[in-house]
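Below is one structure, written out as structure tokens; the observations come after it.
Note: hydrogens, waters and symmetry copies are ignored here, and every other heavy atom, side chains too, is used. Here the structure is a predicted model, which means the values were calculated and not measured. Letters A, B, ... mirror the listed sequences (proteins, then strands); counts begin at 1.
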Number of protein chains: 2
Amino acid sequence: MYKNGMTTAATRSLGKTVRLFHALSDETRLRLLEQLRDGEQCVCELTDTFKTGQSRLSFHLRVLKDAGLVTDRPEGRWIYYSLNRDALREVEDLVAWLKDSSSRNMPARRC
Amino acid sequence: MYKNGMTTAATRSLGKTVRLFHALSDETRLRLLEQLRDGEQCVCELTDTFKTGQSRLSFHLRVLKDAGLVTDRPEGRWIYYSLNRDALREVEDLVAWLKDSSSRNMPARRC
DNA sequence: TTTATACATCAATATTCATTGATTGATCAA
DNA sequence: TTGATCAATCAATGAATATTGATGTATAAA
């Protein structure tokens, strides 16, 4: 049991973490996220900006969505995507957890 | 020009960022990093812990090293790996930069 | 010197991921 | 209705990654 209900970096599932980082490990997807910093945008808008095939962006948006990094909001014929800041906070916490370790620097056992 | 010499998330090269996240997007590598939170360890030690082929870990350690997430220190016949907390801080800053955007929520231009 | 250990690297194979073009379903306007 | 637009999905191909076992190199111990 944990003191609070928080999902800690240590307890979060490895698989989900892998998916998060994998979604972030692509140039197109990073540029999409950067674009969405300004607020939600529809796919057509992104397609215009990126000057690339629609199916290609649709694919990458799906990877981001499956990882939980973006959310979509259908409205009529359009679908608006925006950042999911909660997911980004999870990533931030996770990296901080790796970084801010005690680093006991164990006595380097021989093999 | 920037007020200080800091490499901001916005200015860092996309390619390097992709390599960082790619290095983090694998279960074995995440477990390696978690293991190294306790301090530096040699490959033989890690191979014992992970109960897997040595060449496999060697491959993954190289990916982590190329991304800058770990550093190695040869000593005699052993090579000790440890976390590079500066790189982790860069990742943390980058994610924070994505997360903490103004989100002006633009007037959602039509297509 | 020989032999063993630690580790990297290579070659071959298997797996996973990205791109493209075509198709499909839904919404909306004429 | 019909035709146009937005976006997801599919199938086919190509590119990048991961795994395994074998080999190579350096260090250290016998």
query = Rounded to whole angstroms, how far apart are CG on A:D48 and P on D:dT5?
reply = 13 Å

query = A:S58: what forms a side chain to side chain contact (heavy atoms under 4.5 Å, CB included) with it, not counting sequence neighbours?
reply = A:Q54

Those residues that, when tested against A:D86, pass side-chain hydrogen bond (donor to acceptor under 3.5 Å, both in side chains) (two or more places apart) = A:R89

message = From CG of A:D66 over to C1' of C:dC17, roughly how many Å is that when rounded to an integer?
response = 14 Å

query = Rounded to the Å, how far apart are A:E27 CD and D:dA16 C1'?
reply = 15 Å

ask   = What residues, two or more places apart in sequence or in another chain, satisfy side chain to side chain contact (heavy atoms under 4.5 Å, CB included) together with A:V43?
value = A:T47, A:L61, A:Y81

Listed partners of B:S55 passing side chain to side chain contact (heavy atoms under 4.5 Å, CB included), at least two apart = none

What are the atom names and distances for every N/O pair under 3.5 Å that joins the protein to nucleotides 6-9 of chain D?
unit_1 : atom_1 : unit_2 : atom_2 : d
D:dC6  : O3'    : A:R77  : O      : 3.4
D:dA7  : OP1    : A:V43  : N      : 3.3
D:dA7  : OP1    : A:I79  : N      : 3.0
D:dA7  : OP2    : A:C44  : N      : 2.4
D:dA7  : N7     : A:Q54  : OE1    : 3.2
D:dA8  : OP1    : A:Y81  : OH     : 2.6
D:dA8  : OP2    : A:S58  : OG     : 2.6
D:dA8  : O5'    : A:S58  : OG     : 3.4
D:dA8  : N7     : A:Q54  : NE2    : 2.7
D:dA8  : N6     : A:Q54  : OE1    : 3.2
D:dT9  : OP2    : A:R62  : NE     : 3.0

task = Describe the nucleic acid contact of B:G76 in one word from base, sugar-phosphate, nothing, applying a heavy-atom distance below 4.0 Å.
result = sugar-phosphate

request  = Starting at atom NZ of B:K51, determine the distance to atom C1' of D:dT19, rounded to an integer number of angstrom.
outcome  = 20 Å

inquiry  = Tell me if a side-chain donor or acceptor on B:R29 pairs with a main-chain N or O of B:L24 at a distance below 3.5 Å.
reply    = no

ask   = Can you find a side chain N or O atom of A:H60 that sits less than 4.0 Å from OP1 or OP2 on C:dT19?
value = yes

task = Write down the distance between CZ (A:F50) and P (C:dT19), rounded to a whole number of angstrom.
result = 12 Å

query = Can you name the side chain to side chain contact (heavy atoms under 4.5 Å, CB included) partners of A:R31, sequence neighbours left out?
reply = A:E27, A:F50, B:L14

